[in-house]
Every structure is written in C-alpha cells, then in structure tokens.
Amino acid sequence: MTTDLTGRRVLAVVTTYGVEQDELVVPLEHLRSAGAHVDVAAPSKDTVQTLVGDKDPGRSVEVDLALADVDLDSYDLLLVPGGTLNADSLRLEEKAVAAVTTFARSGRPVAAICHGPWLVVEAGLASGKTLTSYPSLQTDVRNAGGTWQDQSVVADTTDGWTLVTSRTPDDLDDFLREVDAALTAR
C-alpha cells in the first residue's frame with residue numbers, strides 16, 4: 001500500500017559529488033511517486049554525480065536549488081542522503097548545518113541515512129537522541145551524546161522533533177516506511 005504524500009514538501013540536501021546513488025535516487029522516486037514535492041539542494045546548482053559503493057560512477061541528478069536560495073520554512077521534512085564523500089563535505093557547508101538546526105528547532109522531521117547522520121552530529125543535535133548510521137559513525141554519535149543502535153531504522157521523537165535514521169542502502173524499505181510515517185504525522 002502506497003502512502004499518499006500529496007501536498008507534502010521534502011528538501012534533500014547534498015553535495016554535487018559523492019552521494020550514494022540509491023540513498024538519493026530511491027527516496028526521490030519513492031516520495032515523488034507518492035505525491036510529495038521534492039527539491040534537491042546543493043551548495044551550487046551543478047549536476048549531482050552520485051556514486052555506487054563510494055567509488056563507481058552512478059546516475060546524475062539535477063539540482064533544483066542552491067542551498068543559499070532555499071526557503072527552509074516551506075518544507076515538511078529534511079532528507080540527508082549518505083555517501084562518505086558527500087556526508088563529509090556536507091557537514092562543512094554552513095547552510096546545510098543550518099538547515100538541520102532549523103528543522104529540529106521548528107519540530108519538523110529530519111531523515112538521514114548511512115553517513116548522513118554526520119550532519120546531525122555536526123549541528124550538535126545528536127545529544128539525547130537514539131539513532132543508527134553506517135557503523136563507522138557510531139563513535140562519533142556516542143561522542144556527540146547520542147545513543148547508537150545497530151538497527152535497520154530508528155525513529156526518535158525526543159526533544160520535540162523526529163529523527164529518522166538508517167544504516168545502508170540495504171535498509172531503504174524500512175527507512176522509507178518511517179519517512180512516510182514522519183511526513184503523514186505532520
């Protein structure tokens with residue numbers, strides 16, 4: 001059964017190189033097919049070159065907006081795909097860190113997969129949260145005050161905002177189920 005997400009707006013934040021292909025493309029296709037409007041934002045409007053397994057070229061994805069031009073208040077959920085190179089670069093982007101902070105402070109959900117939770121850690125928002133990620137981030141999550149769990153998906157609603165996290169592309173079905181739930185709960 002497909003969830004009707006008509007009228008929901010999702011912002012995906014990425015860099016233009018190094019996003020894990022399925023962690024961007026699969027959620028985009030899923031959310032759009034369910035009726036959601038999804039914009040892809042990056043530091044520049046260059047085309048996103050995704051990677052498969054952090055090394056092999058994947059599909060190209062068009063950027064809809066530069067991060068500097070995004071009206072954060074017009075979105076219902078923030079999506080943070082992983083990919084080691086993407087996530088490491090993204091957490092150095094002031095506008096991306098500000099986006100996570102803005103969503104959390106306004107009580108809107110953030111969904112991050114694989115290395116994507118690095119952005120949550122960078123924003124100082126992992127403290128008190130239970131989350132999952134690619135296993136190599138567990139020390140970073142714990143050092144930031146979060147509780148790391150080895151589960152396919154974790155949805156944490158403490159502190160008045162929902163954080164949905166998953167480990168890898170293998171967990172996309174569970175991740176998208178919880179993303180849909182977070183969007184319909186709003």
Side-chain angles (χ1 to χ4, degrees), residues 10-25 27-28 38-55 58 61 63-70 72 75 77-106 108-149 153-156 158-159 161-169 171-172 175 179 182:
V10 176
L11 178 66
V13 294
V14 297
T15 59
T16 55
Y17 183 79
V19 179
E20 184 66 28
Q21 174 183 278
D22 287 354
E23 294 171 10
L24 175 60
V25 173
L28 289 180
V38 185
D39 283 328
V40 176
S44 68
K45 284 204 59 184
D46 298 329
T47 301
V48 174
Q49 176 59 61
T50 68
L51 295 177
V52 177
D54 276 338
K55 60 184 181 346
V61 175
V63 172
D64 300 299
L65 299 161
L67 279 170
D69 299 330
V70 173
L72 295 173
Y75 295 93
L77 180 137
L78 182 67
L79 175 67
V80 186
T84 309
L85 297 172
N86 170 68
D88 193 41
S89 297
L90 195 60
R91 65 186 177 151
L92 299 175
E93 291 291 335
E94 184 179 313
K95 296 283 186 190
V97 174
V100 174
T101 303
T102 298
F103 272 77
R105 288 192 179 147
S106 67
R108 290 175 289 157
V110 174
I113 185 168
C114 199
H115 287 78
W118 256 343
L119 193 57
V120 176
V121 168
E122 188 66 32
L125 297 168
S127 182
K129 288 291 210 185
T130 299
L131 60 150
T132 193
S133 65
Y134 192 77
S136 66
L137 274 64
Q138 63 184 296
T139 299
D140 296 332
V141 168
R142 289 182 181 122
N143 287 342
T147 300
W148 188 86
Q149 293 184 341
V153 66
V154 175
D156 185 307
T158 58
D159 298 329
W161 64 284
T162 299
L163 175 61
V164 176
T165 53
S166 275
R167 299 173 299 199
T168 71
D171 300 323
L172 277 165
F175 179 67
V179 167

Output all residues satisfying side chain to side chain contact (heavy atoms under 4.5 Å, CB included) with Thr139, sequence neighbours left out; order by chain, then residue number.
Asn143
Is the closest side-chain heavy-atom distance between Val13 and Leu119 below 4.5 Å?
yes
Consider only side-chain N and O atoms of Asn86 and Thr15, and report whether a donor and an acceptor are under 3.5 Å apart.
yes
Please list, chain by chain and in numerical order, all residues satisfying side chain to side chain donor-acceptor pair (under 3.5 Å) with Asp159, sequence neighbours excluded.
none
Which pairs of donor and acceptor atoms, one on a side chain in residues 92-105, lie under 3.5 Å apart (sequence neighbours left out)?
| unit_1 | atom_1 | unit_2 | atom_2 | d |
| --- | --- | --- | --- | --- |
| Thr101 | OG1 | Val97 | O | 3.1 |
| Thr102 | OG1 | Ala98 | O | 2.8 |

Going by salt bridge (Lys or Arg N to Asp or Glu O under 4.0 Å), name the residues that satisfy it together with Asp88, two or more places apart in sequence or in a different chain.
Arg91
So ring pair (Phe, Tyr, Trp, His ring centres under 6.0 Å) across residues 112-133, not counting sequence neighbours, yields His115-Trp118, His115-Tyr134
Hey, what do you get for SG (Cys114) to CG (Leu172), rounding to the nearest 0.5 Å?
9.5 Å
Measure the shortest side-chain to side-chain distance between Val25 and Val61 over non-hydrogen atoms and say whether it is less than 4.5 angstrom.
yes
By salt bridge (Lys or Arg N to Asp or Glu O under 4.0 Å), Asp64 pairs with (sequence neighbours left out) Arg32
Shortest non-hydrogen contact from Ala41 to Leu11?
CB-CD1, 3.7 Å
Looking only at non-hydrogen atoms, find the nearest pair between Thr165 and Pro117 and report the distance.
CG2-CG, 4.0 Å
Distance check, rounded to the nearest 0.5 Å: Asp54 atom CG versus Glu20 atom CD?
5.5 Å
Residue set satisfying side chain to side chain contact (heavy atoms under 4.5 Å, CB included) with Thr47, at least two apart, ordered chain then number -> Ser60, Glu62
When you compare the side chain of Asp156 with that of Leu131, does any pair of heavy atoms fall below 4.5 Å?
no
If the condition is salt bridge (Lys or Arg N to Asp or Glu O under 4.0 Å), which residues does Asp22 pass it with, not counting sequence neighbours?
none
Can you find a heavy atom in the side chain of Tyr75 that is under 4.5 Å from one in the side chain of Val70?
yes
Nearest heavy-atom pair of Ile113 and Thr168: which atoms, and what distance?
CD1-O, 3.5 Å
To the nearest 0.5 angstrom, please state how far the CG atom of Asp171 sits from the CD atom of Glu23.
9.5 Å
Of all residues at least two apart in sequence or in a different chain, which pass the salt bridge (Lys or Arg N to Asp or Glu O under 4.0 Å) check with Asp140?
none
Taking all atoms of both residues into account, what is the closest heavy-atom pair of Tyr17 and Leu85, and its distance?
CE2-CD1, 3.7 Å
Apply side chain to side chain donor-acceptor pair (under 3.5 Å) to Thr162 and list each qualifying residue two or more places apart in sequence or on a separate chain.
none
Is there a side-chain contact between Thr16 and Ser44 in this structure, where contact means two heavy atoms from C-beta onward sitting under 4.5 Å apart?
yes
Correct closest heavy-atom pair for Gly58 and Gln49 would be O-NE2, 2.9 Å
Closest non-hydrogen contact found for Pro43 with Ala66 is O-CB, 4.1 Å
Tell me, please, whether Trp148 has Lys129 positioned over its six-membered ring: NZ or CZ under 6.0 Å from the ring centre and within 45 degrees of its axis?
no
So, taking the atom named OG1 in Thr84 and the one named NZ in Lys55, what distance separates them when rounded to the nearest 0.5 Å?
11.5 Å
Listed partners of Arg142 passing side chain to side chain donor-acceptor pair (under 3.5 Å), at least two apart
Gln138
Within the 4.5 Å heavy-atom criterion, are Leu24 and Val48 side-chain neighbours or not?
yes
Output the distance between atom CG (Leu77) and atom CZ (Arg108), rounded to the nearest 0.5 Å.
9.5 Å
In chain order, what residues pass the side chain to side chain donor-acceptor pair (under 3.5 Å) check against Thr132, with sequence neighbours excluded?
none
